[in-house]
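Residue numbers start at 1 and run along the sequence shown.
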Amino acid sequence: QVQLGESGGGSVQAGGSLRLSCAASGSTDSMAWFRQTPGKKREGLAAINSDGEVNYADSVKGRFTISKDNAKNSVYLQMDALQPEDTGLYYCAAASWRIHWGPFETSQYNYWGQGTQVTVSS
């Protein structure tokens, strides 16, 4: 059973930056970041697989950058130009297989982290 550990969340003012990190205790292939806010379903933000294929949600394109260190089984999310609507609980997700389609479907991932809170104030 692979465990995911997230870090890097916190509070920041609008326009600021944060970098999230997620380390997997074992080998995985595709990894992604999701965000959840009260009353809404978990939203996929950025995904990457071991081929280096990257996908971004329109809401974060141009502001967030996902990267992956296959040797460390880790994924990172650099978040720039943060806005209050980016506030939420951010989850790291990982799959044992290579995802080529539907990277923002939660059912694609078999491992989830506990979440790290990001709060952006105006």
Side-chain angles (χ1 to χ4, degrees):
Q1 182 79 1
V2 173
Q3 294 184 324
L4 304 180
E6 299 123 328
S7 61
S11 297
V12 66
Q13 288 193 324
S17 298
L18 284 173
R19 178 178 166 86
L20 304 183
S21 299
C22 173
S25 62
S27 180
T28 62
D29 193 299
S30 301
M31 301 185 80
W33 289 96
F34 286 74
R35 177 173 66 206
Q36 187 148 32
T37 53
K40 291 188 175 182
K41 65 182 256 184
R42 200 166 290 189
E43 171 194 13
L45 303 176
I48 187 169
N49 65 22
S50 291
D51 283 339
E53 296 175 348
V54 173
N55 286 275
Y56 293 101
D58 288 342
S59 60
V60 306
K61 203 171 290 184
R63 300 188 299 123
F64 290 12
T65 303
I66 190 170
S67 59
K68 190 172 184 286
D69 187 331
N70 292 328
K72 294 183 178 180
N73 293 316
S74 294
V75 66
Y76 309 95
L77 187 67
Q78 177 65 40
M79 304 186 293
D80 298 316
L82 283 162
Q83 299 301 316
E85 52 266 34
D86 293 318
T87 294
L89 192 59
Y90 283 65
Y91 291 93
C92 174
S96 304
W97 45 82
R98 197 154 303 174
I99 297 172
H100 293 290
W101 59 269
F104 297 144
E105 297 292 328
T106 56
S107 58
Q108 292 271 39
Y109 299 91
N110 52 335
Y111 302 114
W112 290 86
Q114 295 296 311
T116 184
Q117 179 68 33
V118 171
T119 302
V120 185
S121 58
S122 57

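- No donor-acceptor pair under 3.5 Å is formed between the side chain of Gln117 and the backbone N or O of Gly115.
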Please assess Ser59 against Glu85 for the test side chain to side chain contact (heavy atoms under 4.5 Å, CB included), listing each intermediate value before the final yes or no. CA-CA 10 Å; Ser59 60; Glu85 52 266 34; over 6 Å; no
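- Checked by atom type and distance alone, the side chain of Thr87 pairs as donor or acceptor with a backbone atom of Val120 at under 3.5 Å.
- Atom CD of Gln114 sits in a sparse spot, with 12 or fewer heavy atoms from other residues, nucleotides or ligands closer than 6.0 Å.
- Asn49 contributes a side-chain N or O that, together with a main-chain N or O of Asp51, makes up a donor-acceptor pair within less than 3.5 Å.
- Atom CD of Glu6 and atom OG of Ser74 lie 11.5 Å apart (nearest 0.5 Å).
- Counting heavy atoms of neighbouring residues, nucleotides and ligands inside a 6.0 Å radius, atom CD of Gln3 does not exceed 12 of them.
- With hydrogens and angles ignored, the 3.5 Å screen pairs no side-chain donor or acceptor of Asn55 with any backbone N or O of Phe104.
- Gln78 places no side-chain N or O within 3.5 Å of a backbone atom of Thr65 that could act as its donor or acceptor partner.
- One hydrophobic cluster, built from ILVMFWY side chains closer than 4.5 Å, holds both Leu20 and Val54.
- Across every non-hydrogen atom of Met31 and Cys92, the tightest pair is CE-SG, 4.0 Å.
- Cluster membership check: Tyr109 does not share its hydrophobic cluster with Leu45, using side-chain heavy-atom separations under 4.5 Å among Ile, Leu, Val, Met, Phe, Trp and Tyr.
- Screening Ile99, Asn70, Thr28 for a side chain to side chain contact (heavy atoms under 4.5 Å, CB included) with Ser50, the sole residue that qualifies is Asn70.
- Smallest separation of non-hydrogen atoms from Pro103 and Ala47: CB-CB, 3.7 Å.
- Panel note: side chain Ser30, backbone Ala95; no donor-acceptor pair is recorded below 3.5 Å.
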If you apply the rule side chain to side chain contact (heavy atoms under 4.5 Å, CB included), what do you find for Cys22 with Tyr76, and how did you get there? CA-CA 6 Å; Cys22 173; Tyr76 309 95; over 6 Å; no
The test is side chain to side chain contact (heavy atoms under 4.5 Å, CB included); show your working for Met79 and Trp33 and say whether it passes. CA-CA 11 Å; Met79 304 186 293; Trp33 289 96; over 6 Å; no
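- One finds the OH atom of Tyr56 at 12.0 Å from the CZ atom of Arg63 (value rounded to the nearest 0.5 Å).
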Show, in sequence, the C-alpha distance, side-chain angles and deciding distance for Asn110 and Trp97, and conclude whether the side chain to side chain contact (heavy atoms under 4.5 Å, CB included) test is met. CA-CA 9 Å; Asn110 52 335; Trp97 45 82; 3.7 Å; yes
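- Across all their heavy atoms, Gly44 and Ala57 have their closest contact at O-CB, 3.4 Å.
- Checked by atom type and distance alone, the side chain of Gln1 never pairs as donor or acceptor with a backbone atom of Tyr111 at under 3.5 Å.
- Between Phe64 and Tyr90, the ring planes lie tilted relative to each other; the angle falls in the 30° to 60° range.
- Taken to the nearest 0.5 Å, the OG1 atom of Thr119 stands 11.0 Å off from the CG atom of Asp86.
- Of the options Val118, Thr116, Asp80, Leu77, a side chain to side chain contact (heavy atoms under 4.5 Å, CB included) to Leu18 is made by Val118 and by none of the others.
- How far CG of Asp29 is from CD1 of Ile48: 10.5 Å, rounded to the nearest 0.5 Å.
- Taking all atoms of both residues into account, the shortest heavy-atom contact from Val2 to Ala24 is CG1-CB, 3.9 Å.
- Hydrophobic clustering of Ile, Leu, Val, Met, Phe, Trp and Tyr side chains at less than 4.5 Å, counting indirect connections, keeps Ile66 apart from Trp112.
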